[in-house]
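Remarks on the structure that follows.
As the structure is a computational prediction, the values presented were derived from the model and not from experiment. The residues of the chain are indexed from 1 along the displayed sequence.
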Amino acid sequence: VQLQASGGGLVQAGGSLRLSCATSGRTLSNNGMGWFRQAAGKEREFVATIDWSGGTTSYAASVKGRSTISRDRAKNTVILQMNNLKPEDTGAYYCAAGPRSNWDLGEYNYWGQGTQVTVSS
């Protein structure tokens, strides 16, 4: 199973980015999916998660109201739309797949390579 994250880049504060996670190798349409991020010198932290159906989502308080996670099960793709970006959103963003949607990174079995998001002030 491979997860490929993309869509990161350099953006000014207040801007938007759309991160995409494409899966291959086998279908993960019945898995929970999550996005995590890791700033330089800090631990990886939860950002958002979505259940297998796409009907249930959960967000970290720091991004809630500014971000939307969604999935296209037919295309094995998970999207993280991030708006009103702040400098503290800077970091490497990772997508992950696990048995169910979860905020705990230890519950995820598969990880992508990460895509860098840099927000300038």
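Within a 6.0 Å radius of CZ in Arg100, other residues, nucleotides and ligands contribute 12 heavy atoms or fewer. A 6.0 Å sphere centred on CD of Gln116 holds more than 12 heavy atoms belonging to other residues, nucleotides or ligands. Within 6.0 Å of the CZ atom in Arg18, the count of heavy atoms belonging to other residues, nucleotides or ligands does not exceed 12.
Sequence neighbours left out, the pairs with a member in residues 61-108 that pass ring pair (Phe, Tyr, Trp, His ring centres under 6.0 Å) are Phe36-Tyr108. Pairs of residues two or more places apart, or lying in two chains, never qualify as ring pair (Phe, Tyr, Trp, His ring centres under 6.0 Å) while including a residue from residues 63-91.
In terms of hydrophobic clustering, with Ile, Leu, Val, Met, Phe, Trp and Tyr side chains grouped at heavy-atom distances under 4.5 Å, Leu19 and Val11 are assigned to a common cluster. Under a hydrophobic-cluster definition in which Ile, Leu, Val, Met, Phe, Trp and Tyr are linked whenever side-chain heavy atoms come within less than 4.5 Å, directly or via other members, Trp111 and Trp35 are assigned to different clusters. Under the 4.5 Å side-chain contact rule for hydrophobic residues, Met82 and Leu10 do not share a cluster. Grouping the Ile, Leu, Val, Met, Phe, Trp and Tyr side chains by contacts below 4.5 angstrom, directly or via other members, places Tyr110 with Ile69.
Ile50 places none of its side-chain heavy atoms less than 4.5 Å from the side chain of Ser101. Residues Asn31 and Thr23 are not in side-chain contact: their nearest non-hydrogen atoms beyond the backbone lie 4.5 Å or more apart. Considering only heavy atoms from C-beta on, Ser20 stays 4.5 Å or farther from Lys75 through its side chain. Taking 4.5 Å as the limit, some side-chain heavy atom of Ser67 sits within range of a side-chain heavy atom of Leu80. Cys21 places a side-chain heavy atom less than 4.5 Å from the side chain of Met33.
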*Give the C-alpha distance, both sets of side-chain angles, the deciding distance and a yes or no for side chain to side chain contact (heavy atoms under 4.5 Å, CB included) between Glu45 and Leu105.*
CA-CA 8 Å; Glu45 64 177 10; Leu105 60 85; over 6 Å; no
*Would Leu3 and Leu28 count as a side chain to side chain contact (heavy atoms under 4.5 Å, CB included) if you check the C-alpha gap in whole Å, the side-chain angles of each, and the deciding distance to 0.1 Å?*
CA-CA 10 Å; Leu3 281 67; Leu28 294 176; 3.9 Å; yes
*Check the pair Asp104 / Phe46 against side chain to side chain contact (heavy atoms under 4.5 Å, CB included), numbers first and verdict last.*
CA-CA 7 Å; Asp104 185 352; Phe46 167 73; over 6 Å; no
*Begin with the C-alpha distance, continue with both residues' side-chain angles, and end with the deciding distance and a verdict on side chain to side chain contact (heavy atoms under 4.5 Å, CB included) for Asn30 and Arg73.*
CA-CA 8 Å; Asn30 293 324; Arg73 297 177 69 223; 3.0 Å; yes
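Arg71 places no side-chain N or O within 3.5 Å of a backbone atom of Gly32 that could act as its donor or acceptor partner. The closest donor-acceptor contact from the side chain of Gln113 to the backbone of Gln4 lies at 3.5 Å or more, if one exists at all. Side-chain atoms of Thr77 do not come within 3.5 Å of backbone N or O of Asp72 as any donor-acceptor pair. The main-chain N or O of Arg66 is never found under 3.5 Å from a side-chain atom of Asn84 such that the two would form a donor-acceptor pair.
Each of Val119, Val117, Thr118 was evaluated against Leu17; a single residue qualifies, Val117, per the side-chain contact (heavy atoms from CB on, under 4.5 Å) test.
Gly8 approaches Thr115 most closely through the heavy-atom pair N-OG1, 3.0 Å. Closest non-hydrogen pair, Ala5 versus Cys95, comes out as CB-SG, 4.2 Å.
Going from atom CD of Gln12 over to atom OG of Ser121 covers 9.5 Å, rounded to the nearest 0.5 Å. Here the CZ-CZ distance, from Arg44 to Arg37, works out to 13.0 Å after rounding to the nearest 0.5 Å.
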